[in-house]
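A quick write-up on the structure given underneath.
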Amino acid sequence: MWEGFRHFADTYLMWNEGPLIWMSDVLILLTSIGIVAVLTYFKKWKWLWDEWLTTVDHKKIGIMYLICALLMFFRGGVDALLMRTQLALPNNHFLDAEHYDQIFTTHGTIMILFMAMPFIFALFNIAVPLQIGARDVAFPYLNAISFWLFFFGALLFNISFVFGGSPDAGWTSYPPLSELAFDKGPGENFYLLGLQISGIGSIATGINFMATILKMRAPGMTLMRMPLFTWSVLAACVVIIFAFPALTVALALLLLDRIVGTHFFTILHGGNPMMFINLFWIWGHPEVYIVILPAFGVFSEVVATFARKRIFGYGSMVVALMAISVISFFVWVHHFFTMGAGADVNTFFAVATMAVGIPTGVKVFNWLFTMYRGRIRMSLPMLWTVAFVPCFAIGGATGVMLAVAPADYQYHNSYFLIAHFHQVLIGGTVFGMLAGMYYWWPKMFGFLLDERLGRWAFWFFNIGFYVCFMPQYALGFMGMQRRMYTYPADLGWGTLNFISTIGAYLMGIGFLFMVAQIIYSIRYGQRDLTGDPWDGRTLEWSLPSPVPHYNFAVIPTVEDRDYWWVLKQQGRTQELRPRPEEIQPIHMPKNSGRPFLMGVAFFVAGIGFVFNWYVLAVLGLLGVVACMVARAFEYDDEYHIPVEEVQHTEAALGRL
Amino acid sequence: MRRWRWLLLAALVLVTGCGPEYQVLHPAGPVGRTELRLIILSAILIGIVVIPVLVLLFYIVWRYRDKPDNHAPYKPEWSESKWLEVVWWGVPIVIIGILGFYTGQTTFALTKPPESDVKPLTIDVTSLDWKWLFEYPDQGIATVNYCEIPTGVPVQFVLTSDAPMNSFWVPQLGGQEYTMPGMAMRLWLQADRPGTYYGHGANFTGKGFAHMQFHVIATSQNKFDQWVARVKQTAPPLTKAGYQRLKQPSVMGRAAYSSFPKGLFNATIWAEGGRYMDGMLDMPGMSESTEPEGGAATGGTAAGAHPAGQSSASQHAAAGMKMAMGHGE
């Protein structure tokens, strides 16, 4: 009995690994008990279920994505600090090789798939239906499924930290290293299944928002009148729909290799590891455009709003977005110029990669000239946008340098590369998502985030960023490779690594200020009573904050680009106020607990496959099928909000 | 690249101002130098776009700030300018055109030996968990975690792996190339001055990866020959059993061997990749047809002259085909 327990504790709970794991267990246990206790004490269980777990409202789903993204930002950030602490000094033994390998794997995977992705989905959900004058997304029920698949995929991935062991083959997870022959533990399975489950949700989100944008626009909202954020979401959705299936296939085949002994990517028996690397990057490169395009959209909104000026070269901006989404599929080989594809192939992909710089550069100039002859207010969203331009310009420049194939032989897998992609992913995606978060926060919650604390966060994060990553370019020229858990003292890498670590901690402090800012603002933040705190230009700012759950009491008819701004200029804002006689019963989807339960079923199946417990896996899959069958026979899934209720809500908001 | 020469020179002076620990900026051979020239050229070209962006940003944000006493023009509806947009679609296209041209030119050039009138040296490299095995097919010796090369002689590194994929990188001599199980890849490098050059695996291979350091020691041809003779006389042989021990995951220091089992390198490639190279065996004359330039120029020291290649014509062809997939061809 005791022996059995010991065996379980050592194999699955890793209690033989020492105090770090015990502490994590205790912390997780205490947090869980705390959450359960608070919910029980305040009798919030029903509220949690009715308002959140079963919701199909795009605004609430967006908020849940946002919370997850910030939590994962924290986890990924802690991983980063652990790594930087280990690398601060040569021959350091703060972490051993095994733990370091696990940490850089989870850091990369979490930041890309469980931080950046939910962050962009948060903004998709919060802004797109409001910007195009829709009452929800095209498929609200599917939207909830997407969220819960993401959530349980992320949970499955994260739970590996305290149950079974983390993956340790890098976020790129190249075979043969990630094959069973070299990587025996369940960690890699956690990676494969966590990504697979959340990836299904991502594809569904791509389809959902594409359908929403193409089919759910308000009358008069032609494609060329759409706000640029909505355009950027459309471009990103095109990329999601075509790129994610490649990842699905790659992960599925590698999983088959690992759990049933096929030989798609093994060294022996006809497998070919290079195929995985190709498939991975056929998804992987478009993926970075998936997370950067919506950031471009945010910047376009923010620049126009805070420079109080029309966006410069709207047509070019749209062409550039679509061009980037198309070219993104012709660059993947630049992740392995050194795999010997041949000079002709390398040249093609080098030039294609440089070509991405053209539309991107055009966008930067158009943002600059949107500000030109404007009136620039440096509120928090604009601050992050202005900081984005130099950061991304330098990051983009080093990207073009990396695209030069023969030069890449010298940069590849070095800290030059690390510095480059952090600069574009942080300077581009993270700055963009933070700008978007500050911008739409009042729309989501009805209050603004505190400026003063926000500025502290901004400066710590920004200065920290440069202190952290500029030295890494130099380290690349010194020949330092990525993914080394330690390095010798005689190569002269010590000083710059130490500086870089200081920068990482400054960024960490910046994040803490952001947390403080959010907590402080919940209590003391300025309330947004007008619904238009930034003097906005697009339809979402014509609505009260927070937005009533049916969004528009009466669907507006759009006559121009930046329609809300035009109406304000012409003193016609009353036209977007509902008139009582126009209000009709509003057709809405019903909440459903099934997307949540389906997520749970996927999670159970995931655990089953991770540990090769096939009974559990089959039970989980049966649960998934049961959910789908139940949905197929569900007829009563919508309802109408009566006119009186809409009138009552609008009157309470002072809009009637 | 003549037109850029003066700019490149100025930049070269600038970067060599950095200390010797900036290995990529202090190349010790023609391959590294070519790559450095391209690095500098690309940095200058992108500067043409990036510097105006930075200047414009600071100017515009300052000039058009929202302050009551700011009298700069405010044109909220001004949002189109054909010729401005032509400029910033056009200039980057021209820059990418120039950079793309030199990129292509250099990419093709690096597939050939740096100096064509000197007989190259071939070294077969196998990355193992977590060490590097160097075999000298012509000298018949082998080393672990270091190799010696003569200066002024192009060295053809033929790369494979008998462990997860790695990458062979000697920053001061030139860029890297992957080592992959079941494949033979080719990387040309050359050292012009004597020295000990740091090398390291650049693609993560697990627990011992951080310790996969090796050195390339460049000496004069004379000293190199003496070293080979010394290794032949004093070092123990590498046996098949010895190789199996070497293959076990471990971290180790340097070692040298006076001989190695005949055909070891090709057998390693064959054992791990032969099965998925089936289709290639049916193509007759592959080993010749893939070497139109390199093979002729180097007097046939490429795949065809491998001692290990004697085993069978078909293995030969397979290795030849795979080698053709180095940085070029």
Side-chain angles (χ1 to χ4, degrees), chain A residues 97-98 170 174 176-177 182 267 269-270 272-273 308-313 316 338-340 342-343 346-347 350-351 354-355 357-358 361-362 364-365 368 371-377 386 389-390 393-394 397 400-401 404-407 409-410 412-413 477-479 481 483-486 491-492, chain B residues 21-25 35 38-39 42-43 46 49-50 53-54 56-57 60-61 64-66 73-79 85 88-89 92-93 96 99-100 103-104 106-108 110-111 164 167 171 175-178 181-182 185 198 200 202-207 210 272 275-276 325-326 328-329:
Chain A
E98 240 164 289
Y174 281 1
L177 184 65
F182 298 101
I267 302 175
H269 308 296
N272 187 347
R308 285 212 178 88
K309 192 162 158 282
R310 262 184 196 280
I311 195 85
F312 187 90
S316 273
T338 55
M339 203 161 76
N346 277 359
T347 305
V351 174
M354 294 173 199
I358 299 168
V362 167
V364 171
F365 280 108
L368 285 177
M371 291 189 259
Y372 180 74
R373 295 183 183 164
R375 275 293 173 275
I376 302 165
R377 289 170 293 161
V386 168
V389 174
I394 299 169
V400 174
M401 290 172 71
V404 179
Y409 304 157
Q410 285 283 32
H412 186 65
N413 278 351
F477 284 126
M478 291 180 172
Q481 295 82 20
R483 295 177 176 170
M484 298 175 87
Y485 82 97
T486 190
L491 291 160
Chain B
E21 66 272 23
Y22 288 87
Q23 301 181 24
V24 173
L25 306 181
E35 285 160 353
L38 211 52
I39 288 172
S42 62
I46 53 168
V49 177
V50 171
V53 166
L54 299 182
L56 267 174
L57 175 73
I60 290 173
V61 167
Y64 298 100
R65 68 203 183 280
D66 188 30
Y74 172 51
K75 297 241 168 66
E77 298 302 316
W78 182 74
S79 64
E85 291 214 75
W88 55 71
W89 277 101
I93 290 176
I96 298 305
L99 192 56
T103 298
T106 314
T107 309
F108 279 92
L110 286 182
T111 62
S167 190
Q176 63 196 283
E177 180 86 21
Y178 283 170
M185 314 265 283
Y198 164 84
H200 203 287
N203 194 69
F204 178 65
T205 51
K207 224 164 67 178
E272 295 186 333
R275 289 184 186 85
Y276 66 76
M325 300 180 70
E329 263 133 16

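Within every chain, numbering begins at 1; the chains are lettered A, B, ... in the order of the sequence lines, protein sequences first and strands thereafter.
Within the 3.5 Å criterion, the main-chain N or O of A/R308 finds a donor-acceptor partner in the side chain of B/Y74. A donor-acceptor contact shorter than 3.5 Å is absent between the side chain of A/K309 and the backbone of B/K75.
The nearest pair of heavy atoms linking B/E85 to A/G313 is OE2-CA, 3.6 Å. Considering all non-hydrogen atoms of both residues, B/L99 and A/V400 come closest at CD2-CG1, 3.6 Å. For the residue pair A/L491 and B/Q23, the shortest heavy atom distance occurs at CD2-NE2, 3.9 Å. Taking every heavy atom of both residues into account, A/Y485 and B/A210 meet most closely at CD2-CB, 3.6 Å. Considering all non-hydrogen atoms of both residues, B/M185 and A/T338 come closest at CE-O, 4.0 Å. The shortest non-hydrogen separation linking A/P390 to B/L57 is CD-CD2, 3.3 Å.
Interface remark: A/A350 contributes side-chain atoms only to the contact with chain B (heavy atom separation under 4.5 Å). At a 4.5 Å heavy-atom cutoff, the contact between A/I311 and chain B is made by backbone atoms alone. Both the backbone and the side chain of B/V61 come within contact range of chain A, with heavy atoms under 4.5 Å apart. Of the two parts of B/I60, the backbone and the side chain both hold a non-hydrogen atom closer than 4.5 Å to a non-hydrogen atom of chain A. Only the side chain of A/V364 comes within contact range of chain B, judged by heavy atoms closer than 4.5 Å. Only the side chain of B/L54 comes within contact range of chain A, judged by heavy atoms closer than 4.5 Å.
Across A/T486, A/V389, A/V362, A/V386, the residue that shares the most heavy-atom pairs under 4.5 angstrom with chain B is A/V362. Here B/H200 is the residue among B/E77, B/H200, B/R65 with the most heavy-atom pairs under 4.5 Å with chain A. Of the residues considered (B/G206, B/A43, B/A202, B/S167), B/A202 shows the highest number of contacts with chain A, using heavy-atom pairs under 4.5 Å. Top candidate by heavy-atom pairs under 4.5 Å with chain B, chosen from A/V404, A/V351, A/I394, is A/V404. The choice from A/M484, A/R310, A/M401, A/Q481 that makes the most heavy-atom pairs within less than 4.5 Å of chain B is A/Q481. The greatest number of non-hydrogen atom pairs below 4.5 Å with chain B, out of A/P406, A/A97, A/G170, A/G479, is found for A/P406. The most heavy-atom pairs under 4.5 Å with chain B, out of A/A397, A/G492, A/A407, come from A/A397. Interface remark: of the candidates A/S316, A/G361, A/P176, A/A355, A/S316 forms the most heavy-atom pairs closer than 4.5 Å to chain B.
Here the NZ-CD distance, from B/K207 to A/E98, works out to 5.0 Å after rounding to the nearest 0.5 Å. Note that the CG atom of B/N203 and the CZ atom of A/R483 stand 7.5 Å from one another [nearest 0.5 Å]. The distance from the CG atom of B/L38 to the CD atom of A/Q410 is 11.0 Å, given to the nearest 0.5 Å. Separation of atoms CG (B/L56) and CZ (A/F365) is listed at 6.5 Å; rounding is to 0.5 Å. For the atom pair CE (A/M354) and OG1 (B/T103), the distance works out to 3.0 Å, reported to the nearest 0.5 Å.
B/F204 meets the ring pair (Phe, Tyr, Trp, His ring centres under 6.0 Å) test with A/F104, B/F209; sequence neighbours excluded. Every residue two or more places apart in sequence or in another chain that forms a ring pair (Phe, Tyr, Trp, His ring centres under 6.0 Å) with B/Y64 is listed here: A/Y372.
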**Item:** side-chain contact (heavy atoms from CB on, under 4.5 Å) evaluation trace for B/E177 with A/Y409
**Value:** CA-CA 7 Å; B/E177 180 86 21; A/Y409 304 157; 5.5 Å; no

**Item:** Verdict with supporting geometry, B/Y178 and A/H412, side-chain contact (heavy atoms from CB on, under 4.5 Å)
**Value:** CA-CA 10 Å; B/Y178 283 170; A/H412 186 65; 2.5 Å; yes

